[in-house]
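When reading the values below, keep in mind they use all heavy atoms of this one structure, side chains included, and skip hydrogens, waters and symmetry mates. Everything quoted here is computed from the prediction, not taken from an experiment. Sequence lines set the chain letters: A, B, ... in the order given, protein chains first and strands last, and positions in each chain run from 1.
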Amino acid sequence: MVDFKKMISNILAQEIGVIGEEEIYNIIEIPKHTEMGDFAFPCFKLSRLLRKSPNMIAEELKEKIKCNELFEAVSAVSGYLNFTINKQFYAKTVINEVLEKKELFGATDIGKGRTVIIEYSSVNIARAFHMGHIRSTMIGNSLYKIYKFLNYNVIGINHLGDYGTQFGKLITAYKLWGNKKDIEERGVDELLRLYVKYHDEAEKNPLLDDEARSWFTKLENGNEEAYEIWKWFREISLIEFERVYRLLGVSFDSYAGESFYSDKMPAVLKELREKNILTKSDGAEIVDLSEYGMPPAIVTKRDGSTLYVTRDIAAAKYRKDTYSFYKNIYVVGSPQKLHFQQLFKILEIMGYDWANDLVHVDFGTVSLEEGSLSTRKGRVVFLEDVLLKAIEMAKNIIEEKNPTLENKELVAKQVGVGAVVFQELFNNRIKDYTFSWSKSLAFDGETGPYVQYAHARCCSIIEKAGDIDIYDVDYSLLTDSSSMEIIKKLYQFADIVIDAHDKYEPSLITRYVTQLAHCFNKFYHDNPILTNDLSLTKARLALVYAVKYTLKNGLNLIGIEAPERM
RNA sequence: GCGCCUGUAGCUCAGUUGGAUAGAGCAACGGACUUCUAAUCCGUGUGCCAGGGGUUCGACUCCCUUCAGGCGCACCA
């Protein structure tokens, strides 16, 4: 699409000698208030170089470039040079672009030829799939879609927590208090019960922890009984997790979790030892990171078994060898920030320059009003419960507002799940938040259903319009303020997607889509679209199409469905 | 103790790599459906941008410091 900023910086560069076009381009901003114009060039930086007041510079520049058919107005206001693009040209440029690109509007090919790995969700086997897991799952899912949209080759990995001492604990608990029948009947619920009981008992009897450690060591050394139990628990868990992933519409290219790397551990340890990176300490092997201002990382325990960071070293190496990634992104909560800093540093020390291509996308913690989520303490809100409740509420609202709707079940699912997901991706990922049923189940205001509703309105108008075509549009009919507000918003979409990509921040798209829906709802309220005036109808209909495509593209990028009716 | 993160309207949060009068939603009150779905739209805000210093023509934004909350720091993940 035509880059207005580029056009302006190009013109300005011919008049300004002291700084280059690129710098000018970067300085140009979009004014906060629309009355000021579409783009603004602040002259303060030039002021020092030219030894003139910003005001005067703006005035002089204005005189030099005022005659240009591209601009409707060029004004100098308190040190800013403000540009207003010719509205008809603006409208035509944007709408043509959207209608031409359709579901690819906003996409670019900056990712062409690059493979990106995104590790997300990474739930723990045999434990509750709870509200705390939705963030990694949906942030990762969204990043997956954003990267894909930008033409990257993307590999989504669910790095399952299917290994480690916790399995020793589970096996111990199963041997002491469990039985086959209960697990077959109750699935993960029973595994959870055993896990909670283990922790209760271990508080009274610390010897249990030795038992658990020893079971994990057995598992790691290939003990058959341990392996069979482990495999069984893993399968049971995955079946239940899949149910939730299906509801959310999330999938993965790989489920290579921690256990996948167990046989790659010896080689990693050998390499670390050969490179003289390990130090013995208290029977354990550590990497001393004090010169980098970090506490040491433990690589093997006293009994020789491995830890989290060891497996992550193996995983990173494996991924580099297998996928030759451009970036390897870990969507994992911020409590694990230090872990990733250590991991990246160790790989750097090992001599891998690609350690710079590893990214930890961290995010804040979800807690409950009663306190932090804790599987062990049984303080937990199951994700599936929240989703099902949201679907049920959506169903009730449909019955109330649109009882004749077809596919009620499907739409209720799309809207209910959309509401929950939207809530997760609305704020900056770094913020902690307290889960609340009423917020997750909100359907008014800045919510998923709000955006979906705007989309459904577009669809319903288009359907009603029947075979009215949108060729030969008279763009002068879209120069009113509420149309232009939409058009300017549409123009920003590609930049927003890039920004979300640069910052690993899906919320930028969530916010954008909400703003676009709002502009559209306002327009919709004030302007009849299907009128007796064919050329007016065509023009407005073209705008509706453009909004529809963009809303749908945006929702798709945050993993939310866009029903055509609701 | 050391390190990282957060602190903006009653509540939940935005705030465009330092820029022109700090914005939304919720809640409250008041308006708008014989017309394309009112899950919508419009109106009403006295915010020491946690406090204090500093850098700058200009600071919610950068630096220092204090306070408050959260998280992490050796054999869990």
- request: Scan A:Arg302 against the nucleic acid and name what it touches under 4.0 Å (heavy atoms): base, sugar-phosphate only, or nothing.
  value: base

field: Residue whose nearest RNA chain B nucleotide is more 5′ - A:His518 or A:Arg565
entry: A:Arg565

task: Send over the distance from A:Phe44 CZ to B:C57 P, rounded to a whole Å.
output: 13 Å

message: For B:A14 and A:Asn428 - does any side-chain N or O of the residue sit under 4.0 Å from the phosphate oxygens OP1/OP2?
response: yes

message: Reading RNA chain B from 5' onward, which residue's closest nucleotide shows up sooner: A:Gln336 or A:Asn26?
response: A:Asn26

query: To the side chain of A:Glu35, which of B:U40, B:C5, B:U21 is closest?
result: B:U21

query: Which part of the nucleic acid, if any, lies within contact of A:Asn527, taking any heavy atom under 4.0 Å across all strands shown: a base, the sugar-phosphate backbone alone, or nothing?
result: base

- prompt: More than 12 foreign heavy atoms under 6.0 Å from CD of A:Glu35: is that the case here?
  reply: yes

message: Which label fits A:Tyr330 and A:Phe340: parallel for a plane angle under 30°, tilted from 30 to 60°, or perpendicular past 60°?
response: tilted

- request: Tell me whether A:His525 is stacked on the nucleobase of B:U40, counting only the six-membered base ring and applying the 5.5 Å and 30° thresholds.
  value: no

message: Taking any heavy-atom pair under 4.0 Å as a contact, classify A:Asn532: base, sugar-phosphate, or nothing.
response: nothing

message: Within the 4.0 Å heavy-atom criterion, would you say A:Ala394 contacts the bases, only the backbone, or no part of the nucleic acid?
response: nothing

- request: Let me have a per-nucleotide readout for nucleotides 60-65 of chain B, 5' to 3', with B, S or -, counting only protein heavy atoms under 4.0 Å.
  value: ------

Counterpart base for B:C13, defined by Watson-Crick or G-U wobble contacts under 3.5 Å: B:G23

task: Verify the contact: side-chain N or O of A:Tyr308 to OP1 or OP2 of B:A77, cut-off strictly under 4.0 Å; return yes or no.
output: no

- prompt: Between B:C76 and A:Lys301, is there an OP1 or OP2 to side-chain N/O distance shorter than 4.0 Å?
  reply: yes

query: Separation of A:Phe216 atom CZ from B:C76 atom P, in whole Å?
result: 10 Å

message: Check this one for me: any side-chain N or O of A:Lys337 less than 4.0 Å away from OP1 or OP2 of B:G3?
response: no

query: Strictly under 6.0 Å, is that where the ring centroids of A:Phe426 and A:Phe422 end up?
result: yes

message: Over all strands shown, is A:Ser334 touching base, sugar-phosphate only, or nothing at heavy-atom distances under 4.0 angstrom?
response: nothing

